[in-house]
Amino acid sequence: NLLSLFHFIVAGIAGLFSCLPLLNLIIGIPMLEGVPYALSQGEYFSQYTLTPLIFILLPIGMAVIGWMFAVAMALNGYYLKNCKWLKYCMVMSGIETIFTPFGTALGVFTIILLTKPNIKNLFDQVVDKKLKKIINNNIQVTKRENPSQYLNLRITVVLHKHSKCL
């Protein structure tokens, strides 16, 4: 729970830092005054038309990418708390190391914890509980009553067995 809490905190910090490129809009928006004049003169690719676009579109793109990263980091904390999606948590923890210094420490610590066998077993137990629930709900189904549901149950069991082997 503490590890997932730190993921939420670092996600909030990453979201706030992602707002910093938007300060360039303060520079880019006043530069738009020269664009109509430059376009009327036929200067489509001059510094008067391209520079404001760089100062507006680039910061907006950087902020959106940063916010998506913050949401992905918060999802990582949610999945860690609920012991879901081990591979997502491992990959996202590796990507978190890009966000220095907080993400680096948190990502490395999370990877170290997720590689331990007892933590992997926690994630497997959650999957086993879900599979047992599916089997218990469908145990009454036989081949004669509903063949397609029986086939779905068999496919789920086989896929689960193969995923443990990988």
Side-chain angles (χ1 to χ4, degrees), residues 1-29 50-51 53-141 146 148-166:
N1 285 339
L2 192 60
L3 187 63
S4 66
L5 176 68
F6 286 141
H7 274 86
F8 289 126
I9 291 171
V10 173
I13 293 171
L16 285 176
F17 279 132
S18 298
C19 294
L20 288 178
L22 295 178
L23 293 175
N24 283 335
L25 291 177
I26 297 170
I27 299 169
I29 291 175
L50 295 180
T51 307
L53 291 178
I54 290 172
F55 272 96
I56 291 173
L57 295 179
L58 192 63
I60 289 174
M62 290 171 60
V64 168
I65 290 171
W67 292 332
M68 290 184 335
F69 175 69
V71 167
M73 201 180 312
L75 275 175
N76 193 17
Y78 174 77
Y79 292 143
L80 284 171
K81 186 174 184 176
N82 294 324
C83 294
K84 293 181 181 178
W85 293 35
L86 177 66
K87 289 181 184 177
Y88 175 84
C89 293
M90 290 285 287
V91 169
M92 194 59 212
S93 297
I95 294 172
E96 281 177 13
T97 57
I98 295 171
F99 184 62
T100 56
F102 305 115
T104 304
L106 186 63
V108 169
F109 186 68
T110 305
I111 290 171
I112 290 170
L113 280 179
L114 290 178
T115 54
K116 292 185 178 181
N118 58 350
I119 302 296
K120 285 183 181 180
N121 289 337
L122 283 175
F123 280 83
D124 287 339
Q125 286 173 2
V126 170
V127 172
D128 288 339
K129 287 179 185 176
K130 287 182 180 179
L131 185 63
K132 286 178 184 176
K133 186 177 180 182
I134 291 170
I135 292 172
N136 288 336
N137 289 340
N138 296 323
I139 201 72
Q140 295 86 11
V141 179
N146 193 344
S148 64
Q149 197 170 6
Y150 179 78
L151 181 63
N152 287 339
L153 175 65
R154 293 295 300 155
I155 290 172
T156 305
V157 171
V158 169
L159 288 176
H160 179 68
K161 286 180 181 177
H162 287 292
S163 69
K164 283 194 160 203
C165 295
L166 297 177

Extract all donor-acceptor atom pairs below 3.5 Å that involve side chains of residues 6-21 and protein atoms in other chains or at least two apart in sequence.
{"residue": "H7", "atom": "ND1", "partner": "L3", "partner atom": "O", "Å": "2.9"}
{"residue": "H7", "atom": "NE2", "partner": "N76", "partner atom": "ND2", "Å": "3.4"}
{"residue": "H7", "atom": "NE2", "partner": "E96", "partner atom": "OE1", "Å": "3.2"}
{"residue": "H7", "atom": "NE2", "partner": "E96", "partner atom": "OE2", "Å": "3.2"}
{"residue": "S18", "atom": "OG", "partner": "A14", "partner atom": "O", "Å": "2.7"}
{"residue": "S18", "atom": "OG", "partner": "G66", "partner atom": "O", "Å": "3.3"}

Give every donor-acceptor pair under 3.5 Å between a side-chain atom in residues 106-118 and any protein atom, sequence neighbours left out.
{"residue": "T110", "atom": "OG1", "partner": "L106", "partner atom": "O", "Å": "2.6"}
{"residue": "T115", "atom": "OG1", "partner": "I111", "partner atom": "O", "Å": "3.2"}
{"residue": "T115", "atom": "OG1", "partner": "I112", "partner atom": "O", "Å": "2.9"}

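The distance from the CD1 atom of I56 to the CD1 atom of I27 is 11.0 Å, given to the nearest 0.5 Å.
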Apply side chain to side chain contact (heavy atoms under 4.5 Å, CB included) to the pair F69 and M92, showing each step before the final yes or no. CA-CA 9 Å; F69 175 69; M92 194 59 212; 3.6 Å; yes
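Only one option out of I60, L58, V64, I65 pairs with M62 in a side chain to side chain contact (heavy atoms under 4.5 Å, CB included); it is L58.
Aromatic ring orientation, Y79 versus Y88: perpendicular (interplanar angle above 60°, classes split at 30° and 60°).
The backbone N or O of T104 sits nowhere less than 3.5 Å from a side-chain atom of T97 that would complete a donor-acceptor pair.
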